[in-house]
J.: 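Supplied in structure tokens, the structure appears directly below.
The shown structure was predicted, so the numbers you read here are calculated from the model rather than taken from an experiment.
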Amino acid sequence: MKVRSVDNTIIQRKKDTQSTVPVALRTVKNDSFTSTLAYNNTPSFKGMDPTTCLIDMWAAIARGGLAASFTVQDMLGTNFPRTFAALDRNKDITGKNNYKAAVEVAIREFTTGPSMFVIPALVLAGASGFSGEANRVPKDTIAVFSNIMKGTMNGLQENKFKGVDFSSMTTAEAQEACKTIKEAFYSDVFKGIFAQYNEGGSNIDIKEYVDLMMKAEHPDTPKRNFYMSMFNKKVSVLGKEVDSKDEIISQLSTKFVADKKAHTKGWGNFLTAKIIPNGKEFDISHIAADMKNFTDDFARQYVTTQRKNPNGGRVILEKFIDNLRNARMGSRVLTNILMVVATGAFMCIIPKLYTRNKTNPETDAIYEQVNQQRKGAVNEN
């Protein structure tokens with residue numbers, strides 16, 4: 001089957017006694033016919049295409065992530081339908097819209113769904129601010145990254161950090177040391193990922209991935225808000241459009257897909273990768289986010305600890321990494337428990353938020369009708 005572009009119009013064959021070649025392929029000297037032919041190749045409709053609009057809408061929702069997808073589906077599937085159903089409740093009895101019931105249902109529905117994402121996000125943000133950004137990284141990934149970091153730091157201590165006195169570092173020098181740790185760790189992680197691909201994965205330029213990671217983390221790189229991300233709006237700086245942090249990570253993902261396709265056989269999910277062989281598969285953008293959060297925490301803790309040592313000596317590296325790993329894995333488990341407890345506690349409060357009337361407005365009319373019928377029966381007796 002041949003797929004034609006929507007910009008092309010299929011031209012029917014015209015029977016001719018002298019030729020069976022399609023009219024569109026024959027040379028025609030008639031100027032009027034040529035102009036008509038050109039006109040027929042132009043789409044004869046304009047305006048909004050509902051199919052394209054739907055595709056764009058769901059693409060925007062997908063860019064918003066799981067929270068946006070769940071919220072939109074929750075609103076379209078339950079929130080609005082239930083609210084409108086409550087508005088029509090007992091209208092056959094009263095002849096009026098039930099606004100009280102609609103308000104209570106709207107508060108209940110529009111509070112329950114979003115809170116399932118907002119409450120855990122607030123707990124996670126608070127825990128990460130208190131204990132460190134590595135708290136955002138899954139527990140198993142923290143363990144894997146910690147093992148890789150041991151090799152990274154051993155290499156740095158033998159090379160770039162050899163003979164360096166951390167206690168005499170300026171703030172700028174400490175920031176540069178953190179940057180060095182991050183670059184070395186990113187390089188080791190990507191090397192480990194591509195080393196698993198036996199189709200020439202060792203020839204991939206790892207530095208390009210490291211540069212993209214550092215570019216996304218640079219303080220001057222802007223960050224798009226939720227609305228701009230959903231509707232794919234560019235960020236303008238001094239009147240010039242620039243790449244935002246999430247767009248740079250998207251470029252990294254695109255490059256990863258191309259490299260993985262070129263160095264593996266068969267088909268599969270080219271957006272996923274294993275950090276170590278026989279490990280779990282994660283989306284490459286999630287791996288990038290976890291690497292950033294882990295190294296932000298580790299590099300700051302390591303350099304700060306080294307600078308506080310009055311003798312300029314070095315901490316026992318493996319013990320330091322193990323202690324930090326255990327602390328972050330423990331805080332991550334505790335954070336997961338707190339997220340569940342906080343969400344459950346808020347769910348218990350929701351009824352108090354939407355219960356605005358002493359009686360249930362969805363059944364008031366029914367009870368009133370029943371009471372009137374009872375009074376009528378008593379009067380008849």
J.: Parallel, tilted or perpendicular: which fits the ring planes of F194 and Y197, with parallel below 30° and perpendicular above 60°?
T.: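 Rings of F194 and Y197: perpendicular, over 60°.
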
J.: Strictly by modelled atom types, are S167 and D165 linked by a side-chain donor-acceptor pair under 3.5 Å?
T.: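 Yes, because at least one side-chain N or O of S167 sits under 3.5 Å from a partner of the opposite role on D165.
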
J.: T141 and D290: side-chain donor and acceptor closer than 3.5 Å?
T.: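 Result is no, nothing qualifies.
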
J.: V333 and M329: same hydrophobic cluster, using ILVMFWY side-chain contacts below 4.5 Å?
T.: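 In one cluster with V333: M329, no.
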
J.: Using side-chain heavy atoms (C-beta onward) and a distance below 4.5 Å, is I287 in contact with M291?
T.: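 Sidechains of M291 and I287: in contact.
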
J.: On a heavy-atom basis, which atom in A216 and which in I249 lie closest, and how many Å separate them?
T.: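 Nearest heavy atoms, A216 then I249: CB-CD1, 3.9 Å.
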
J.: Going hydrophobic residue to hydrophobic residue with side-chain gaps under 4.5 angstrom, can you get from V105 over to I366?
T.: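 Result: no, two separate clusters.
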
J.: K234 and D243: which non-hydrogen atoms are nearest, and at how many Å?
T.: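 Closest approach of K234 to D243, heavy atoms only: NZ-OD1, 2.9 Å.
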
J.: How many angstroms lie between CG in L324 and CE in M149, if you round to the nearest 0.5 Å?
T.: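 These two atoms lie 9.0 Å from each other.
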
J.: Going by the side chain to side chain donor-acceptor pair (under 3.5 Å) test, which pairs reach into residues 204-213, not counting sequence neighbours?
T.: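 Matches after skipping sequence neighbours: K207-D211, E208-K255, Y209-D259.
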
J.: Could you check if a side-chain atom of N135 sits within less than 4.5 angstrom of a side-chain atom of F130, using non-hydrogen atoms only?
T.: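 Not in contact.
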
J.: Would one find more than 12 heavy atoms of other residues, nucleotides or ligands at under 6.0 Å from atom NZ of K150?
T.: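 Yes, NZ of K150 has more than 12 neighbouring heavy atoms, counting only those of other groups under 6.0 Å.
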
J.: Can you tell me if M339 has over 12 outside heavy atoms packed within less than 6.0 Å of its CE?
T.: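 Buried by this count: over 12 neighbours within 6.0 Å.
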
J.: Using the rule given for side chain to side chain contact (heavy atoms under 4.5 Å, CB included), can you reason through L317 versus I321, listing the C-alpha separation, both sets of side-chain angles and the distance that settles it, and then say yes or no?
T.: CA-CA 6 Å; L317 184 60; I321 295 176; 4.0 Å; yes

J.: With side chain to side chain contact (heavy atoms under 4.5 Å, CB included) as the test, would you mind laying out the steps for I142 and S146 before giving the verdict?
T.: CA-CA 6 Å; I142 292 175; S146 296; 4.1 Å; yes

J.: Can you check whether Y99 reaches L87 side chain to side chain, under 4.5 Å on heavy atoms?
T.: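 Contact flag for Y99/L87 side chains = yes.
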
J.: How about K245: does its NZ atom have over 12 heavy atoms from other parts shown lying under 6.0 Å from it?
T.: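 Atom NZ in K245 is packed in, count exceeds 12.
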
J.: Closest heavy-atom contact between S253 and S285?
T.: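 Taking S253 first and S285 second, the nearest heavy atoms are OG-CB, 3.9 Å.
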
J.: Do E247 and V242 have side chains that get closer than 4.5 Å, going by heavy atoms?
T.: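 Result no, sub-4.5 Å side-chain heavy-atom pair not found.
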
J.: Looking at every non-hydrogen atom in both residues, tell me the closest pair between S236 and E241 and how far apart they are.
T.: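 Closest heavy-atom pair between S236 and E241: OG-CG, 3.9 Å.
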
J.: Per the side-chain hydrogen bond (donor to acceptor under 3.5 Å, both in side chains) rule, which among N360, N357, T355 passes with E104?
T.: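 Exactly one candidate clears the test, N357.
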
J.: Check the pair F294 / F185 against side chain to side chain contact (heavy atoms under 4.5 Å, CB included), numbers first and verdict last.
T.: CA-CA 10 Å; F294 179 81; F185 179 76; 4.1 Å; yes

J.: Locate the shortest heavy-atom distance separating V137 from R332; write the atom from each residue and the value.
T.: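 In this case the closest contact between V137 and R332 is O-CD, 3.5 Å.
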
J.: Do F110 and Y354 have side chains that get closer than 4.5 Å, going by heavy atoms?
T.: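 Heavy-atom side-chain distance check fails, nothing below 4.5 Å.
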
J.: Write down the atom of A174, the atom of R307, and the distance for their closest heavy-atom approach.
T.: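 That would be CB-NH1, 3.6 Å.
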
J.: Angle between ring planes, F166 versus Y302, binned at 30° and 60°: parallel, tilted or perpendicular?
T.: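 It falls in the perpendicular class, over 60°.
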
J.: Measuring from atom CG of N293 to atom OG of S128, what distance do you get when rounded to the nearest 0.5 angstrom?
T.: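 Reported to 0.5 Å precision, the distance equals 7.0 Å.
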
J.: Decide, yes or no, whether a salt bridge links D296 with K182 under the criterion of side-chain N to carboxylate O below 4.0 Å.
T.: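 Looking at K182 together with D296, the answer is yes, because their closest N to O distance falls below 4.0 Å.
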
J.: Using side-chain heavy atoms (C-beta onward) and a distance below 4.5 Å, is R328 in contact with F145?
T.: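 SC-SC contact between R328 and F145 ruled out.
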
J.: If you apply the rule side chain to side chain contact (heavy atoms under 4.5 Å, CB included), what do you find for F320 with M153, and how did you get there?
T.: CA-CA 11 Å; F320 174 82; M153 292 306 300; over 6 Å; no

J.: Could you grab the distance from atom CD of Q306 to atom CZ of F161, nearest 0.5 Å is fine?
T.: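 So the gap between those two atoms works out to 9.0 Å.
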
J.: Is the shortest side-chain N to carboxylate O distance from E133 to K292 below 4.0 Å?
T.: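 No, E133 and K292 are not salt-bridged.
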
J.: Are V341 and I350 in one and the same hydrophobic cluster, where Ile, Leu, Val, Met, Phe, Trp and Tyr link if side-chain heavy atoms are under 4.5 Å apart?
T.: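 In one cluster: no.
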
J.: So, do N97 and R89 sit near enough that their side-chain heavy atoms are less than 4.5 Å apart?
T.: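 Of all side-chain heavy-atom pairs linking R89 with N97, none is under 4.5 Å.
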
J.: Taking the side chain as every heavy atom from C-beta outward, state whether L124 and R136 have any atom pair closer than 4.5 Å.
T.: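 Yes. Closest side-chain heavy atoms under 4.5 Å.
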
J.: If you measure from the Lys or Arg side-chain nitrogens to the Asp or Glu carboxylate oxygens, is any gap between D322 and R325 under 4.0 Å?
T.: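 Salt bridge between D322 and R325, a charged N being under 4.0 Å from a carboxylate O: yes.
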
J.: May I have the step-by-step check of side-chain hydrogen bond (donor to acceptor under 3.5 Å, both in side chains) for N269 and E281, ending in yes or no?
T.: CA-CA 10 Å; N269 188 347; E281 281 197 335; over 6 Å; no

J.: Would a hydrophobic clustering, with Ile, Leu, Val, Met, Phe, Trp and Tyr connected at side-chain separations under 4.5 Å, put Y367 with I93?
T.: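 Looking at the clustering, I93 is in a separate group from Y367.
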
J.: I need the I248 CD1 to M213 CE distance, nearest 0.5 Å.
T.: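 Answer for the CD1-CE pair, I248 versus M213, is 11.0 Å.
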
J.: Please round to the nearest 0.5 Å and tell me the distance separating atom NZ of K179 and atom OG1 of T295.
T.: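 Interatomic distance, K179 NZ to T295 OG1, rounded to 0.5 Å: 13.0 Å.
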
J.: Can you list the residues that meet the side chain to side chain donor-acceptor pair (under 3.5 Å) rule with N98, with sequence neighbours excluded?
T.: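 Side chain to side chain donor-acceptor pair (under 3.5 Å) list for N98, sorted by chain: empty.
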
J.: To the nearest 0.5 angstrom, please state how far the CD1 atom of I275 sits from the CD1 atom of I284.
T.: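 Here the rounded value is 8.5 Å.
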
J.: Determine, using the 4.5 Å side-chain heavy-atom cutoff (strictly less than), whether M347 and L353 are members of one ILVMFWY cluster.
T.: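 In one cluster: yes.
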
